[in-house]
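What follows is one structure encoded as C-alpha cells, with my remarks underneath.
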Amino acid sequence: MKKILVINTGGTIAMSVDASERVKPLDDQAVERILPFLQRYADVTMVNFLNLPSPHITPAVMNQLRLFIEQELNQHGYDGVVVTHGTDTLEETAYFLDITLPVTVPVVVTGAMRSSNELGADGPVNLISSVRVAADPQSRDKGVLVVFNDEIHAARHVTKTHTSNVATFQSPAYGPIGTISKKSVNYHHAPLVREHYAIEHADANVPLIKAVAGMDPNWLGFLLEQPVDGLVVEAFGLGNLPPAVVPVLRQLLDKGVPIVLVSRCYNGQVQDVYDYEGGGRQLKELGIVFSNGLNGQKARIKLMVVLQQTRDFGELQRLFEQ
C-alpha cells in the first residue's frame, strides 16, 4: 500500500458544534477518528501539526508547513501528502505550497464546510477522497491539488465561492481537473504551467487593495509612509482604475514598490487595452505588472514569494504572465 502522510492544521474539519450551535475547536480527536477508514486505501500516518482556524493562518505559518512537508518527505519517503485545513484561507495555503514545494509526489489540501458532529458532515468523505487521490499514481506531478465534494481542483485556479455550501470550491473558467467516484480517481486534464520558487521566508509586507467606484486616493496615500515591499490592486474589468488614485500609484512606483494588477472579476485576465486616464494602457506604461488571471489573494502570495527572486519590472512581468 502507498504510504500517505495526513497533516492536520485545524479548521472546521477539526471542530465541533456545541449545544448553543457555536462551532469551535472542542474535540482534539475529530480528525483522528477518521483514521481507521483511511487505512483501507493506504498506509496512513497522521500528524497534528496545528489546530488553528484558517483566519489565524499567516504566510509564515504556510512556510512552516512547507518546511515540515519537505522534512517528512525527505526523512520518511511518503508517496503522498494530505493537508487538512480551514476553508477560509485554504486556497492561499494550497497555492503557496504549489509554487514553493519542490516535489513531484501528490500533495492534496482538503477540509470541511460542516463541523465533525453536524448532520451531513463532509469532512470524513473529503478526507477519504483526498487520501485516495494522494495514493493514486495519476496524481503525481500535477502540482498541489484541492479535493472537495468529489472533485479535484488545481491549486492555481481553485477558489472558495460560497459561504456555506459544501460545493464551495470551484475553478472559474477552468473547472475541476478530475473527479472521484466510488471505484476510481479520474483525471480529464491537468495544468500546463508549473512554477517553483526557492524561498527562505514568507514575511514580505504586501497589502491587497480592491478598487471601487469613487475611491479616495487617501486610502492608498497612507502606504507612502509604510514599509511595504509590494502592492496588489484588484482593478475593474480588464484592468482599469479611478484616475484619482493614479498619482499615488506613481509615487509608490517611484519609491521602488512593485505593484501587481489583477481584476476584481473572477473570470478573465487584465490587459492593457483602454487608453484613458486610469486605463490599463496608461497603468502598464507606468510600470505596473499585469497578472495572468490570478485572483487578488493568490497574486499577493506570488508577489511575496517572487520578491525573493527579483524586483526588476521586466522579470516580474515575465513571471506574472506565466
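By the neighbour-count criterion of 12 heavy atoms within 6.0 Å, atom OH of Tyr266 is sparsely surrounded, having that number or fewer from other residues, nucleotides or ligands. Applying the 6.0 Å contact sphere to CD of Glu225 captures no more than 12 heavy atoms from other residues, nucleotides or ligands. Within a 6.0 Å radius of CZ in Phe313, other residues, nucleotides and ligands contribute more than 12 heavy atoms. Taking a 6.0 Å sphere around OH of Tyr274, one finds it holds 12 or fewer heavy atoms contributed by other residues, nucleotides or ligands. Sparse packing is recorded around CD of Glu200, with 12 or fewer heavy atoms of other residues, nucleotides or ligands lying under 6.0 Å away.
Contact annotation: the side chain of Ile288 approaches that of Leu249 to within less than 4.5 Å [non-hydrogen atoms, C-beta and beyond]. Put simply, the side chain of Met113 does not reach to within 4.5 Å of the side chain of His162, judged on heavy atoms. Looking only at side-chain heavy atoms (C-beta outward), Ile177 and Pro191 come within less than 4.5 Å of each other. Contact check for Val133 versus Val82: no side-chain heavy atoms found under the 4.5 Å cut-off. Put simply, the side chain of Val47 does not reach to within 4.5 Å of the side chain of Val6, judged on heavy atoms. Pro106 places none of its side-chain heavy atoms less than 4.5 Å from the side chain of Asp136. Between Val81 and Val83, the closest side-chain pair of non-hydrogen atoms falls below 4.5 Å. Proximity of Ile7 to Phe68: side-chain heavy atoms (C-beta onward) are separated by under 4.5 Å at one or more points.
Using a 4.5 Å cut-off between side-chain heavy atoms of Ile, Leu, Val, Met, Phe, Trp and Tyr, with links allowed through other members, Met304 and Leu316 fall into the same hydrophobic cluster. In terms of hydrophobic clustering, with Ile, Leu, Val, Met, Phe, Trp and Tyr side chains grouped at heavy-atom distances under 4.5 Å, Tyr78 and Val107 are assigned to a common cluster. Under the 4.5 Å side-chain heavy-atom criterion for grouping Ile, Leu, Val, Met, Phe, Trp and Tyr, Leu252 is connected to Trp219 within one hydrophobic cluster. At a threshold of 4.5 Å between side-chain heavy atoms, the hydrophobic network of Ile, Leu, Val, Met, Phe, Trp and Tyr places Leu101 and Leu145 in two separate groups. Residue Val105 is grouped with residue Leu5 when hydrophobic side chains (ILVMFWY) are merged at heavy-atom distances under 4.5 angstrom, including chains of intermediate members.
Between the side chains of Glu91 and Thr159, at least one donor N or O lies within less than 3.5 Å of an accepting N or O. Counting only N and O atoms by type, the side chains of Ser115 and Glu118 include a donor and acceptor under 3.5 Å apart. Side chains of Asn292 and Glu321: no donor on one and acceptor on the other come within 3.5 Å.
No donor-acceptor distance shorter than 3.5 angstrom exists from the side chain of Glu72 to the backbone of Gly77, with no hydrogens or angles considered. The main-chain N or O of Arg114 is found under 3.5 Å from a side-chain atom of Asp122 such that the two form a donor-acceptor pair. When atom types are taken as modelled, the side chain of Lys298 and the backbone of Val158 share a donor-acceptor pair closer than 3.5 angstrom. Checked by atom type and distance alone, the side chain of Arg311 never pairs as donor or acceptor with a backbone atom of Pro258 at under 3.5 Å. Using modelled atom types, no side-chain atom of Glu195 and backbone atom of Gln322 make a donor-acceptor pair closer than 3.5 Å. For Ser54 (side chain) and Asp88 (main-chain N/O), a donor-acceptor pair under 3.5 Å exists by modelled atom type. Checking side-chain atoms of Thr89 against main-chain N and O of Glu92 turns up no donor-acceptor pair under 3.5 Å. Looking only at distances, a side-chain donor or acceptor of Ser263 sits under 3.5 Å from a matching main-chain atom of Gly237. Judged purely by atom type and a 3.5 angstrom limit, Ser171 has no side-chain atom pairing as donor or acceptor with the backbone of Pro176. Under the 3.5 Å distance criterion, the side-chain polar atoms of Asp229 are left unmatched by any main-chain donor or acceptor of Val206.
Considering CG of Leu127 and CG of Leu38, their distance stands at 4.5 Å, rounded to 0.5 Å. To the nearest 0.5 Å, atom CZ of residue Arg194 and atom OG1 of residue Thr104 are 8.5 Å apart. Note that the CD atom of Gln251 and the CG atom of Leu224 stand 5.0 Å from one another [nearest 0.5 Å]. Between atom CD1 of residue Ile199 and atom CG of residue Asn63 there is a gap of 4.0 Å, rounded to the nearest 0.5 Å. The CG atom of Leu319 lies 11.0 Å from the OG atom of Ser291; values are rounded to the nearest 0.5 Å. Between Ser129 atom OG and Tyr41 atom OH the span is 8.5 Å, to the nearest 0.5 Å.
Ring planes of His157 and Tyr174: parallel class, angle under 30° (limits at 30 and 60°).
Salt bridge absent: Glu234 and Arg264 never bring a charged side-chain N and a carboxylate O closer than 4.0 Å. Ion pair Glu70/Arg66 flagged as a salt bridge, since at least one NZ, NE, NH1 or NH2 atom sits closer than 4.0 Å to an Asp/Glu carboxylate oxygen.
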**Report entry** Thr9/His85 under side chain to side chain donor-acceptor pair (under 3.5 Å): CA gap, chis, key distance, verdict
**Finding:** CA-CA 5 Å; Thr9 69; His85 196 287; 4.5 Å; no
Query raised in the report: Do Val146 and Thr110 pass the side chain to side chain contact (heavy atoms under 4.5 Å, CB included) test, and can you show the C-alpha distance, the side-chain angles, and the key distance before you say yes or no?
Result: CA-CA 6 Å; Val146 171; Thr110 193; over 6 Å; no
Report task. Let me see the working for Phe290 and Phe320 under ring-ring contact (aromatic ring centres under 6.0 Å, His included), right down to the final yes or no. Result -> CA-CA 7 Å; Phe290 277 46; Phe320 273 91; over 10 Å; no
Requested in this report: Any chance you could lay out the side chain to side chain contact (heavy atoms under 4.5 Å, CB included) test for Val147 and Asn126, step after step, and finish with the verdict?
Outcome: CA-CA 7 Å; Val147 169; Asn126 284 341; 5.6 Å; no
Report task. Starting from the C-alpha separation in whole Å, work towards a yes-or-no answer on side chain to side chain contact (heavy atoms under 4.5 Å, CB included) for Lys3 and Thr45. Result -> CA-CA 8 Å; Lys3 290 174 56 181; Thr45 299; over 6 Å; no
Query raised in the report: Stepwise, does the side chain to side chain contact (heavy atoms under 4.5 Å, CB included) test hold for Leu65 with Val61?
Result: CA-CA 6 Å; Leu65 176 61; Val61 172; 5.6 Å; no
Query raised in the report: Given the rule in the side chain to side chain donor-acceptor pair (under 3.5 Å) test, do Thr84 and Asn8 qualify, once you have shown the distances and angles that lead to the verdict?
Result: CA-CA 5 Å; Thr84 64; Asn8 177 35; 2.9 Å; yes
**Report entry** From CA spacing to verdict: side chain to side chain donor-acceptor pair (under 3.5 Å), Thr310, Asp312
**Finding:** CA-CA 6 Å; Thr310 183; Asp312 176 73; 5.1 Å; no
Requested in this report: List the steps, then state whether side chain to side chain donor-acceptor pair (under 3.5 Å) holds for Asn149 with Glu151.
Outcome: CA-CA 6 Å; Asn149 201 41; Glu151 293 182 340; 5.6 Å; no
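In terms of heavy atoms, Gly111 sits closest to Leu90 at N-CD1, 4.2 Å. Here the shortest heavy-atom pairing between Ala235 and Ala211 reads CA-CB, 4.1 Å.
The only member of Thr168, Thr87, Asn165 that meets side chain to side chain donor-acceptor pair (under 3.5 Å) when paired with Lys160 is Thr87. Of the options Val232, Asn295, Val305, a side chain to side chain contact (heavy atoms under 4.5 Å, CB included) to Arg300 is made by Val232 and by none of the others.
Both the sub-6.0 Å distance and the 45° axial angle are satisfied by Lys142 relative to the ring of Tyr187.
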